[in-house]
Number of protein chains: 2
Amino acid sequence: MGVTIKDIAKHAGVSYSTVSKALRDSPLVKEPTKKKILAIAEEIGYQPNVAARSLVSKKSNTIGVIWPTIERVAHSALITRINQYLEDQGYTTLVSINRINTAVTTFNRFQVDAILLFEDTHSDYRFSSSVPVVSYGIASNQPEVPTIDANRREAMKEAVAYLHKLGHKEIIYIGEISEQDPLQADKIKGFKQGLMENNIPFSDEMLIPVPELEQYDGYIATKAMLDKEKKPSAIISSSYDCTKGILLAIKEYNLSIPGDISIISYDNVPQVEKLEYSITTVGVPLDTIAKEVTNILLDTIEGKQMDQSILLQPEINVAKSCRNLYS
Amino acid sequence: MGVTIKDIAKHAGVSYSTVSKALRDSPLVKEPTKKKILAIAEEIGYQPNVAARSLVSKKSNTIGVIWPTIERVAHSALITRINQYLEDQGYTTLVSINRINTAVTTFNRFQVDAILLFEDTHSDYRFSSSVPVVSYGIASNQPEVPTIDANRREAMKEAVAYLHKLGHKEIIYIGEISEQDPLQADKIKGFKQGLMENNIPFSDEMLIPVPELEQYDGYIATKAMLDKEKKPSAIISSSYDCTKGILLAIKEYNLSIPGDISIISYDNVPQVEKLEYSITTVGVPLDTIAKEVTNILLDTIEGKQMDQSILLQPEINVAKSCRNLYS
DNA sequence: TATATAAATAACAACGTTGTTAAAAAGAGG
DNA sequence: CCTCTTTTTAACAACGTTGTTATTTATATA
């Protein structure tokens, strides 16, 4: 085990420092020598030792992702995407599923170049990290940790405004009604604000709660809602999975979209393309978020000063699921 | 940035080698000195440098977990549990969500002490690793990689045998019918074998397919099944989530468990306790799997030779969801 | 009190790499 | 053919730690 540059050096009959330079493609070593060394390295299966390398270079080309709640599937698509972008930039991501403090400590020991923190709830922690930390989702309770997030509130406001522009007044919101989860709470705030700004009176029946944001929950909630005599003209769904369930329920009741009922879905994930209906969505495209987060991580590594808090602006992706009541 | 043992040494007025020993709680340094050094280390916020440490000790006290399919939630609970056990043993886990080959390379560079590989599908890869690899789920196509898994086939056989013992003959299986996914295919094999061994003739209608193993899928499939005139006397559900959906559908049809219909669920996760009904389950308890996997990893690290393939035997957890037709 | 022995601490090499500096080899100019 | 550059390669220190060996200090024995 453990082929080192010294082994390569022996095989090639050069000094190990020459090998090091050849492997890093330094101009300080002649082309033929470089070729030869590279070939030998390949042949004897050389793998650079990160420990040694980062010991001297103080860089590990690794980003630590803290994701304590893997059991909740919420961020997995985003993390996958970010991982890809970082890989393109020559970085490796490593995920820790431990408590925030433990994870920060681990990543500091490993001298990752930056830490990306996903947190779902406002938990009470406090850590010190010599490695820069960027938080996605909700503002960390460490004020010095910059945060990036999608502007959920704005998205919901836009959704309401869009529906109102099409003449909708009986709008309902299907989603998680939780004070605990600030991400969900924010959406509801946006919904209410949107109503207010468009002079639509709010009432509690406009909020249909679901226990979780899964397909199943959307399905059940929608069926219960459709069983009532008074049906809304439009539904705002608070997540893609929820939307899937809503669509199925609507189909089961033989209602047409957007003929009988309009629907706009939060989340801007590529999967919407695959749905049976062409669904209008609002939100920050997953890919945009991934790109932004990646860039911020890279900037942070390069020591660029950044804003403390970045809110990504949502986009409406108009499809055919909302009916214009005026036409 | 970067408090090192040399800094501690200066503060304490001792040599850095003494500090190293004190921090590792070596008997070679006097108790008062140790105390003092520890205090100073704490005070100035010392964090050992993994790079340096593992460079010399060739150990990182880290286990690399390869989990390329984070978007599928299947293994998350198990990974969480394993992570806990390993933490108790002084190990840190790091998860890579990259392709198997990339992940193996990364973990080799990082010199983790062992690699735990989760793979869902038979993919065609081949890697070389100087670090020992243990695979969970399906046998790796690298014969030298030991595999540990739950005996799904046996579990299903036991489920059928149990139901047969209670007098059931109209048994159906609700689950994913996929040739692609060897884990699911194995369950079905067990189901069929169980039928055969108990002289129950098999027919295709006994297999109710679901697109995925989610709650929603179980719900829909069960409803469709209950709409037919001929209802089974017992259902075998192939996952916990599926079971949740099945229960809801049954409830919606005002059928009683086990009065009208019996149910036994695969998966042996602690959450069953929280279900509305007391459900009989079959499978290897999640915790048992986690413990076994942890032990095998630790054994592997210590260089103990192990069997190439370990199949964990399932247990039946009898509750009140299966009716005895003879009584 | 001098000496042998044990205990505690210090010094140093090593791990595998990189960056800098020194040395050797090759070319250019007279 | 010798000197002066320039190119290429070699040598070496450093990164922060651990394990081994050497040195100092304290303790026990005669």
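Labels below follow one simple rule: chain letters A, B, ... track the order of the sequence lines, proteins then strands, and each chain is numbered from 1.
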Asks: Determine, stepwise, if the pair A:Asn49 / B:Gln111 fulfils side-chain hydrogen bond (donor to acceptor under 3.5 Å, both in side chains).
Replies: CA-CA 8 Å; A:Asn49 180 323; B:Gln111 302 204 139; 3.3 Å; yes

Asks: Is the backbone of B:Arg53 close enough, under 3.5 Å, to the side chain of B:Ser57 for a donor and an acceptor to pair up by distance?
Replies: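 Flag set: sc B:Ser57 to bb B:Arg53 pair under 3.5 Å.
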
Asks: How long is the span from the CD1 atom in B:Ile40 to the NZ atom in B:Lys10, to the nearest 0.5 Å?
Replies: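 Rounded to the nearest 0.5 Å, the CD1-NZ separation comes out at 13.0 Å.
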
Asks: How far apart are the closest heavy atoms of B:Glu292 and B:Leu312, and which atoms are they?
Replies: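 It is CG-CD2, 3.6 Å.
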
Asks: Side chains of A:Ser15 and A:Thr18 only: does a donor on one sit below 3.5 Å from an acceptor on the other?
Replies: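 On atom types as modelled, these side chains qualify, holding a pair under 3.5 Å.
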
Asks: Just the rounded figure in Å: distance from C1' of C:dA10 to CD1 of B:Ile5.
Replies: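 Between C1' of C:dA10 and CD1 of B:Ile5: 13 Å.
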
Asks: Would A:Asp113 and A:Asn61 count as a side-chain hydrogen bond (donor to acceptor under 3.5 Å, both in side chains) if you check the C-alpha gap in whole Å, the side-chain angles of each, and the deciding distance to 0.1 Å?
Replies: CA-CA 6 Å; A:Asp113 298 332; A:Asn61 277 284; 4.9 Å; no

Asks: Has A:Asp186 got a side-chain atom pairing as donor or acceptor with A:Pro182's backbone, closer than 3.5 angstrom?
Replies: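 Here the side-chain-to-backbone pair does not exist.
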
Asks: Considering heavy-atom distances to DNA chain C, does B:Gly13 or B:Ser57 have its closest nucleotide positioned more toward the 5' end?
Replies: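 Going by which nucleotide is closer to the 5' end, it is B:Gly13.
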
Asks: What residues in residues 17-25 of chain B put a non-hydrogen atom under 4.0 Å from any atom of DNA chain D?
Replies: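 Output list: B:Ser17, B:Ser20, B:Lys21, B:Arg24.
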
Asks: Can you pull the contact range of chain A along DNA chain D, 5' to 3', using atoms under 4.0 angstrom from its heavy atoms?
Replies: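 Listed 5' to 3', the contact boundaries are D:dT8 to D:dG16.
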
Asks: Just how far, in rounded Å, is C1' of C:dA8 from NZ of B:Lys34?
Replies: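 From B:Lys34 NZ to C:dA8 C1': 12 Å.
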
Asks: Please walk me through it: do A:Thr106 and A:Arg109 pass side-chain hydrogen bond (donor to acceptor under 3.5 Å, both in side chains)?
Replies: CA-CA 5 Å; A:Thr106 303; A:Arg109 284 178 182 354; 5.9 Å; no

Asks: Let me know, please, whether B:Thr33 or A:Leu28 comes out on the 5' side of the other along DNA chain C by nearest nucleotide.
Replies: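 Result of the comparison: B:Thr33.
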
Asks: So do A:Pro48 and A:Leu23 actually touch side chain to side chain, heavy atoms under 4.5 Å?
Replies: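 Counting from C-beta outward, A:Leu23 and A:Pro48 never come under 4.5 Å.
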
Asks: What residues from residues 45-56 of chain B pass a heavy-atom cutoff of under 4.0 Å to DNA chain C?
Replies: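 Residues of residues 45-56 of chain B that come under 4.0 Å of DNA chain C are, in numerical order, B:Leu55, B:Val56.
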
Asks: Between A:Tyr91 and A:Asn83, is there a side-chain donor-acceptor contact under 3.5 Å, judged purely by atom types and distance?
Replies: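 Short answer, no.
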
